[in-house]
> 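Below: one structure in structure tokens.
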There are 2 protein chains.
Amino acid sequence: MRRKTSQRSAIEHVFRQQDRAMGIDEILSYGRELVPSLNQATVYRYLKLLLEKGRVKQISHPSLGTLYELAGKTHHHHFHCHACNRLFNLPGCALNEKKAAPEGFVVEDHEVFLFGVCPACAGA
Amino acid sequence: MRRKTSQRSAIEHVFRQQDRAMGIDEILSYGRELVPSLNQATVYRYLKLLLEKGRVKQISHPSLGTLYELAGKTHHHHFHCHACNRLFNLPGCALNEKKAAPEGFVVEDHEVFLFGVCPACAGA
DNA sequence: GTCGTTGCAAAGCCTTTGCAGGGAA
DNA sequence: TTCCCTGCAAAGGCTTTGCAACGAC
């Protein structure tokens, strides 16, 4: 049976509060504001569980490493600004999933990464 | 100055021969067929160099790890079959890059991952 | 009282780095 | 001969795991 603990509540709270993709280190440090004893291993273990349940999504980024975000949000993509190194959520979807793969391929999900410069950095 | 060595030729040969995204382990084992002494560190170092020169692209995949492929090929996306765990190259681009990001964002490149089942696995 | 969960530390990957020897130019 | 490149081994990150204590139910 699955048990509710302060550690798990804290991790979930962090996701709802931040509402963005985060790395383990961020989740850990925000979580420790609520439960100071919170351990890395606990975060990894609970995230693995949430991944299996489909409650969070995992994102792999070449330079930002592994990030996690809540699943079930409105569909969006990610934009990485290589100037300020921040990750942005972009609403909507400019991908035609029907045309994305040839006949025969069953497309269940997709992930789009955009690389470039954000408005703030482009203006500066 | 940059020097041409048998190790580097071997690595380049592997890329041209396989013509697909590969992990370090694959590059290493194919490369060792040509240069048995080929070392992991050498592969990592040369790939880093090729990345900086823009001759190869790096791909981060949640379950497949870090993959490398030659840059400069015709634009394509990647499809990961979670049944056979293989990665496919899909020709073309169903992404409308102009609509992909709001005004102000400067989009320089993008990467699309599709997840699902490939024709072979779907038919079985 | 059970047994799932946690913290700690050790162990496991993957990747990078220091160093001395080797080889391309 | 010069000095870049390589192999080896050690070191560095990130992630997982074993184990005993803890705590939700």
> Is A:Gln7 close enough to D:dG23 that one of its side-chain N or O atoms is under 4.0 Å from OP1 or OP2 there?
no
> Reading DNA chain C from 5' onward, which residue's closest nucleotide shows up sooner: B:Tyr68 or B:Thr5?
B:Tyr68
> Report the distance from atom CG of B:Leu38 to atom P of D:dC5, rounded to the nearest whole Å.
15 Å
> Return no unless some side-chain N or O of A:Tyr44 is found under 4.0 Å from OP1 or OP2 of D:dT15.
yes
> Whole-Å distance between C:dG4 P and A:Glu52 CD?
15 Å
> For a quick test of reading the model: is some side-chain N or O of B:Lys48 closer than 4.0 Å to OP1 or OP2 of C:dT17?
yes
> What integer distance in Å separates A:Ile27:CD1 from D:dC14:C1'?
14 Å
> From CG of B:Leu28 over to P of D:dT6, roughly how many Å is that when rounded to an integer?
13 Å
> Classify B:Arg8 by what it touches in the nucleic acid, base, sugar-phosphate, or nothing, heavy-atom distance under 4.0 Å.
sugar-phosphate
> Whole-Å distance between D:dT15 P and A:Leu51 CG?
12 Å
> Could you tell me how far apart A:Leu49 (CG) and C:dT6 (C1') are, to the nearest whole angstrom?
14 Å
> Let's see if you can work this out: which of C:dA9, D:dC19, C:dT17 has an atom nearest to the side-chain heavy atoms of A:Arg45?
D:dC19
> Walk me through whether B:Tyr68 and B:Ile27 qualify under side-chain contact (heavy atoms from CB on, under 4.5 Å).
CA-CA 9 Å; B:Tyr68 300 84; B:Ile27 298 170; 4.3 Å; yes
> Scan side-chain atoms only and decide if A:Asn89 and A:His77 contain a donor-acceptor pair under the 3.5 Å cut-off.
no
> Record whether the side chain of B:Arg2 comes under 3.5 Å of the base of D:dC4 through a donor-acceptor pair of N or O atoms.
no
> Which nucleotide wins on minimum distance to the side chain of B:Ala41, given the candidates D:dC25, C:dC8, D:dC8?
D:dC8
> Distance check: side-chain N/O of B:Thr66 vs OP1/OP2 of C:dT15, anything under 4.0 Å?
yes
> What class does the angle between the rings of B:His110 and B:His75 fall in, given that below 30° is parallel, 30 to 60° is tilted and above 60° is perpendicular?
perpendicular
> In whole angstrom, give the distance that lies between atom OH of A:Tyr46 and atom P of C:dG7.
14 Å
> Closest approach to the side chain of A:Arg3, judged atom by atom: which nucleotide of C:dT15, D:dC3, C:dC3 is it?
C:dC3
> How about NZ on A:Lys4, more than 12 heavy atoms from neighbouring residues, nucleotides or ligands closer than 6.0 Å, or not?
yes
> Determine: side-chain N/O of A:Asn39 to OP1/OP2 of C:dT6, distance under 4.0 Å, yes or no.
no
> Can you check whether B:Phe15's main-chain N or O pairs, donor with acceptor, with B:Gln18's side chain at less than 3.5 Å?
no
> Check the distance between C:dT6's P and A:Arg32's CZ and give it to me in whole angstrom.
14 Å
> Would you tell me if any nitrogen or oxygen in the side chain of A:Gln40 comes within less than 4.0 Å of OP1 or OP2 on C:dT6?
no
